[in-house]
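Keep in mind that this is a model prediction, so the values were computed, not measured.
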Amino acid sequence: MRLTLNINANLGNQEVVLSDNSYGQLSGIRVFGTPAGGAQVIQWTFTSTGHKHEGFVFAGNLTEGLVINSINGKDQYKIHFVTE
């Protein structure tokens, strides 16, 4: 199933509303490269409230329109930024 993940770009960790009006939790954590000061990346984790949909883990920048597959490929999430 392809769902739109509505994200408030002004927040970090947040409860999000999906396009089918279900909810989930999006969390991000900064992961640093090498101990010598390598690049950092954000690892995003999405979990559906009530386990209605399959979640995902993604490392990198979230951009408008980006499509992320769930862990086993059951669902797809399209990133959409909102200002609410």
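Put simply, the side chain of Asn72 never gets that close to the backbone of Lys74: no donor and acceptor are under 3.5 Å apart. Counting only distance, with no hydrogens or angles, the side chain of Asn13 and the backbone of Gly28 share a donor-acceptor pair below 3.5 Å. At least one donor-acceptor pair under 3.5 Å links the side chain of Thr49 to the backbone N or O of Tyr23.
Here CD1 of Ile71 is found 11.0 Å from CZ of Phe46. Values are rounded to the nearest 0.5 Å.
Side-chain atoms of Lys52 and Asp20, non-hydrogen and from C-beta on, do get closer than 4.5 Å to each other. In this structure, Ser70 and His53 have side chains that are not in contact, with every pair of non-hydrogen atoms separated by 4.5 Å or more. No side-chain heavy atom of Leu18 sits less than 4.5 Å from a side-chain heavy atom of Thr4. In this structure, the side chains of Arg30 and Val41 stay at 4.5 Å or more apart for every pair of heavy atoms. The closest side-chain heavy-atom distance from Met1 to Gln76 is not below 4.5 Å. Asn6 has its side chain out of reach of Val16: every pair of non-hydrogen atoms, C-beta onward, lies at least 4.5 Å apart. Thr45 is not listed as a side-chain neighbour of Leu26, based on a closest heavy-atom distance of 4.5 Å or more.
Ring planes of Phe56 and Tyr77: tilted class, angle from 30 to 60°.
In this model, no donor atom of one side chain and acceptor atom of the other lie less than 3.5 Å apart for Asn61 and Thr63.
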Run the numbers on Val31 and Ile42 for side chain to side chain contact (heavy atoms under 4.5 Å, CB included), then give the verdict. CA-CA 6 Å; Val31 179; Ile42 299 177; over 6 Å; no
Assess the residue pair Trp44 and Val57 against the criterion (side chain to side chain contact (heavy atoms under 4.5 Å, CB included)); give the C-alpha distance rounded to whole Å, side-chain angles, the decisive distance to 0.1 Å, and a yes or no. CA-CA 6 Å; Trp44 297 97; Val57 176; over 6 Å; no
Check against side chain to side chain contact (heavy atoms under 4.5 Å, CB included), Lys78 and Leu5: CA-CA 6 Å; Lys78 183 177 178 182; Leu5 193 67; over 6 Å; no
How far apart are the C-alpha atoms of Ile7 and Gln14, what are their side-chain angles, what is the distance that settles it, and do they pass the side chain to side chain contact (heavy atoms under 4.5 Å, CB included) test? CA-CA 8 Å; Ile7 300 171; Gln14 60 191 280; 3.6 Å; yes
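Within a 6.0 Å radius of CD1 in Ile29, other residues, nucleotides and ligands contribute 12 heavy atoms or fewer. More than 12 heavy atoms of other residues, nucleotides or ligands shown are found within 6.0 angstrom of CZ on Phe81.
Residues Leu3 and Leu66 share a hydrophobic cluster, clusters being chains of Ile/Leu/Val/Met/Phe/Trp/Tyr side chains in contact below 4.5 Å.
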